[in-house]
Amino acid sequence: MFAVIRTGGKQYRVAAEDVIKVEKVKGDPGEIVQFGEVLVVGGDDVTLGEPTIAGASVAAEVLEQGRGAKVIAFKKRRRKNSRRKRGHRQEFTLLRVTEILTDGAKPTVTARPKPEPKPKPAVAAGEDGDDAEDSAAPKAKAAKKPAKAAAKKPAAKADKPKSGSKGKKK
């Protein structure tokens, strides 16, 4: 079964378990959102809306709220010393379609629980007490060595100019 929905000024053909990227929709990751503007419901028999199908909706789970790649808008007017550079990042929502509903039904699928991070095993203090203390204490910085005195070079010949140019002849 598939459906065609309208959101963000665009139309999307979706089926159950499809992952789609749409214009930004309100909702935190893990929430279920419903789209009521269903234009077509298909499968064995196709139902067309005029313009939408009454009572039909599509339920989807929000996977991520994000921003797309940066698009640069650069404008230049030649010979006028005029140019403008603007960047833009379009916001989007990543959705997983959970089910396609008809006849005013409510969504039955709830949001999937977020996996909890596994706790890291704690190091026993009795076994590796010396190693744990060394790693926890900050390492002392190496002592600075005294700078070597620069050996002075013999003075350059007096008849040569210091600037490196050939100089004027007298």
Between [Y] and [X], is there a side-chain heavy-atom distance shorter than 4.5 Å?
X	Y	value
Val40	Phe2	yes
Thr93	Lys21	no
Val22	Leu95	yes
His88	Lys70	no
Leu101	Pro107	yes

(Q) With clusters defined by side-chain heavy atoms of hydrophobic residues (ILVMFWY) lying less than 4.5 Å apart, directly or transitively, does Ile20 cluster with Val38? (A)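 Both belong to a single hydrophobic cluster.
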**Q.** Working for side-chain contact (heavy atoms from CB on, under 4.5 Å), residues Val71 and Gln90
**A.** CA-CA 9 Å; Val71 177; Gln90 185 67 34; over 6 Å; no
Q. Under the 6.0 Å and 45° cation-pi test, does Lys85 pair with Phe74?
A.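 Checked: cation-pi criterion not met.
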Q.
Distance to the ring centre below 6.0 angstrom and angle to the axis at most 45 degrees; does that hold for Arg6 and Phe35?
A.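 No cation-pi geometry.
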Q. Without hydrogens or angle criteria, can the side chains of Glu37 and Thr52 be said to hold a donor-acceptor pair below 3.5 Å?
A.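 Not at all, the side chains of Glu37 and Thr52 share no donor-acceptor pair under 3.5 Å.
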Q: Return yes if a side-chain donor-acceptor contact under 3.5 Å exists between Ser57 and Gln34, otherwise no.
A: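 Yes.
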Would you name the heavy atoms of [X] and [Y] that are closest together and state the gap between them?
X	Y	result
Arg96	Leu63	NH1-CD2, 3.5 Å
Val58	Ala3	CG2-CB, 4.1 Å
Ala15	Met1	CB-O, 3.7 Å
Thr7	Val25	OG1-CG2, 4.3 Å
Ala56	Val41	CB-CG2, 4.4 Å

Q.
Using a 3.5 Å distance criterion without hydrogens, assess whether the side chain of Arg89 forms a donor-acceptor pair with backbone atoms of Gly68.
A.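 Such a contact is found between Arg89 side chain and Gly68 backbone.
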**Q.** Lys24 NZ: over 12 foreign heavy atoms closer than 6.0 Å
**A.**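 Atom NZ in Lys24 is crowded, with more than 12 foreign heavy atoms closer than 6.0 Å.
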(Q) Checking Glu23 against Lys10 for the side-chain contact (heavy atoms from CB on, under 4.5 Å) test, could you report, in this order, the C-alpha distance in whole Å, the side-chain angles of both residues, the deciding distance, and whether it holds? (A) CA-CA 9 Å; Glu23 298 292 322; Lys10 300 178 183 80; 2.7 Å; yes
Q: Just do the side-chain contact (heavy atoms from CB on, under 4.5 Å) check on Ile5 and Leu39 with the steps written out, would you?
A: CA-CA 6 Å; Ile5 61 171; Leu39 307 174; over 6 Å; no
Q) From Thr102 OG1 over to Ile53 CD1, what is the distance, rounded to the nearest 0.5 angstrom? A)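 Spacing of OG1 (Thr102) from CD1 (Ile53) equals 9.0 Å.
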Q.
Could you measure the distance from the CD atom of Glu61 to the CD atom of Glu17? Nearest 0.5 Å is fine.
A.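 Glu61 atom CD to Glu17 atom CD measures 9.0 Å (nearest 0.5 Å).
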Q: Could you walk me through whether Asp28 and Val62 pass side-chain contact (heavy atoms from CB on, under 4.5 Å), step by step?
A: CA-CA 7 Å; Asp28 294 326; Val62 177; over 6 Å; no
